[in-house]
Amino acid sequence: MDKYNLMVLNEFTLVGITDRPELKAPLFEILLIVYMVSVVGNLGLIMLTKIDSRLHTPMYFFLRHLSFTDLGHSTAVGPKMLANFTVDQPTISYNCCAMQLTFFSIFISSEIFILSAMAYDRYVAICNPLLYTVIMSPKVCQVLVVISYLYSLFLSLLTIIKIFIASFCGHVIRHFYCDGLPLISLICSNTHEIKLILLIFSAFSLVLSLLIILFFFFLILVSYTLILVAIFRMNSAEGRHKAFSTCGSHLTVVVVFYGTLFFTYVHPKSSHSFDTDKMASVFYILVIPMLNPIVYSLRNKEVKNAVHRTWRLCLNILLQVNCNIR
């Protein structure tokens, strides 16, 4: 009994993505490439929007923080998930599990707020272009981002502290990372009253998180409805095309991100298998952070021009260094 309690307190066992040995090697290679592309893409976008003065606008300010949150929640899970492919029985220590869930929750929650702020930014840019610089001032943008991080930190810590001060009746997490729902299913207590309080608090936190997601999803839908109305009222075909290009990338990211989250957390549990849930989790943890920099850069002339300018600047610096050495 003492040995069992020690194991529960110090280590969790993860089910992993797959239990089929023949799939581990190809999955490891694919996910490693996806994660590396995600890291390079998001770090590159963060540095580019910071270095290039022409990208010092509210849109790219929010895009930089979107890349930061993408990098944060994918890194909270990705390296440990990849390392677990190399062992027969994936495990994670109690403290690492708490840290992983904390950082993942903070970054994934912050991304929801930042996507909403980006939707509002695009709405103001198209519907109120003359007042855009006044409404979306640097101070307003900073306040929106700070509120996003602080509220996500507060909400995440409240939930996670309640989970990890409880006792666990099991140590096998039915997932490839420390997710809140599988952990809550392992919680037990010495008295029925304590267990009931923990379950009520966990359920309240999950419902509150869902309501926040629904609220901001509704806000985004309203914003883009108003945007589309304003676009179709434009007399110039060139103006309509420019407006669609301005918000098209963000709308694509919003649909993919929210669609995957709703598929994972809102669908009836009997509708598909646990393996399908894990694949959906892989998609929004690793694949979406890889796609976001590509989506925002592929048809964005400002980003492409910034890449060319930064590349030429780097080449000039290297040439000057080389000349000085000689």
Side-chain angles (χ1 to χ4, degrees), residues 7-8 10-42 69-109 111 156 160 163-164 168 170-187 206 256-294:
M7 179 180 61
V8 171
N10 288 280
E11 188 177 73
F12 290 104
T13 300
L14 299 170
V15 172
I17 293 180
T18 181
D19 56 356
R20 298 174 62 180
E22 67 274 12
L23 293 179
K24 287 188 175 182
L27 277 176
F28 173 80
E29 293 172 359
I30 293 171
L31 295 178
L32 177 62
I33 293 172
V34 169
Y35 177 68
M36 290 177 65
V37 172
S38 173
V39 170
V40 171
N42 284 293
T69 56
D70 276 336
L71 186 63
H73 75 75
S74 62
T75 301
V77 176
K80 181 60 178 177
M81 178 197 68
L82 291 169
N84 285 338
F85 275 104
T86 63
V87 297
D88 294 330
Q89 185 60 63
T91 59
I92 186 169
S93 69
Y94 184 90
N95 292 333
C96 286
C97 182
M99 290 178 61
Q100 185 182 74
L101 181 57
T102 300
F103 285 109
F104 176 77
S105 300
I106 291 171
F107 284 117
I108 203 74
S109 300
E111 183 158 345
S156 300
I160 291 160
I163 291 175
F164 283 94
F168 291 93
H171 63 93
V172 178
I173 300 175
R174 289 183 55 79
H175 219 311
F176 60 87
Y177 71 102
C178 288
D179 194 13
L181 290 175
L183 279 170
I184 290 172
S185 67
L186 300 179
I187 291 178
L206 292 173
V256 174
F257 179 75
Y258 278 93
T260 308
L261 284 181
F262 272 78
F263 177 82
T264 305
Y265 292 105
V266 182
H267 71 275
K269 290 300 176 183
S270 59
S271 62
H272 50 72
S273 67
F274 178 61
D275 289 336
T276 307
D277 288 338
K278 288 193 289 186
M279 290 301 104
S281 297
V282 170
F283 191 80
Y284 74 76
I285 290 171
L286 291 182
V287 178
I288 289 179
M290 178 193 71
L291 293 177
N292 283 351
I294 298 173

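Below, each value reflects all heavy atoms present in this structure, side chains not excepted, and no hydrogens, waters or symmetry copies.
- With contacts defined as side-chain heavy-atom distances shorter than 4.5 Å, the pair Thr13/Pro90 does not qualify.
- Here Leu23 contributes atom CG and Phe85 contributes atom CZ; the two are 9.5 Å apart, rounded to the nearest 0.5 Å.
- Of the inter-residue distances, the one linking His171 atom NE2 with Leu14 atom CG reads 11.5 Å to the nearest 0.5 angstrom.
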Practice prompt. In sequence, state the C-alpha distance, the side-chain angles, and the governing distance for Leu101 and Phe164, and then conclude on side-chain contact (heavy atoms from CB on, under 4.5 Å).
Written response: CA-CA 10 Å; Leu101 181 57; Phe164 283 94; 3.9 Å; yes
Discussion item. Pair Tyr284, Ile108 - check side-chain contact (heavy atoms from CB on, under 4.5 Å), show working.
Written reply: CA-CA 10 Å; Tyr284 74 76; Ile108 203 74; 4.3 Å; yes
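- With rounding to the nearest 0.5 Å, the separation of CG in Leu32 from CE in Met81 is 9.0 Å.
- Atom OG of Ser38 sits about 6.5 Å away from atom CG of Leu71, to the nearest 0.5 Å.
- Between the Thr102 side chain and the Ala98 main chain, a donor and an acceptor come within less than 3.5 Å of each other.
- Judged purely by atom type and a 3.5 angstrom limit, Tyr35 has no side-chain atom pairing as donor or acceptor with the backbone of Leu82.
- Side chain of Glu11 to backbone of Ser93: no donor-acceptor contact under 3.5 angstrom is found.
- From Leu31, atom CG reaches atom CZ of Phe176 across 8.5 Å, with rounding to the nearest 0.5 Å.
- Residues Val15 and His175 form no side-chain contact, since every pair of their non-hydrogen atoms from C-beta on lies 4.5 Å or further apart.
- Without hydrogens or angle criteria, Lys80 side chain to Thr91 main chain gives a donor-acceptor distance under 3.5 Å.
- Annotation: the span from Ser156 atom OG to Phe104 atom CZ amounts to 10.0 Å, rounded to 0.5 Å.
- Remark: the Asp70 side chain and the Ser74 side chain contain no N/O donor-acceptor pair separated by less than 3.5 Å.
- The aromatic rings of Phe168 and Phe12 sit perpendicular, their planes meeting at an angle over 60°, well past the 30° parallel limit.
- Side chain of Thr75 to backbone of Gly72: no donor-acceptor contact under 3.5 angstrom is found.
- Considering all non-hydrogen atoms of both residues, Cys178 and Leu183 come closest at CB-CD1, 4.2 Å.
- In terms of modelled atom types and a separation under 3.5 Å, the side chain of Ser109 and the main chain of Ile106 share no donor-acceptor contact.
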Discussion item. Determine whether Asn292 and Glu111 satisfy the following criterion, side-chain contact (heavy atoms from CB on, under 4.5 Å), listing intermediate values before the conclusion.
Written reply: CA-CA 12 Å; Asn292 283 351; Glu111 183 158 345; 3.8 Å; yes
Item to complete: Quick one: do Cys97 and Ile173 satisfy side-chain contact (heavy atoms from CB on, under 4.5 Å)? Show the steps, please.
Response: CA-CA 10 Å; Cys97 182; Ile173 300 175; 4.1 Å; yes
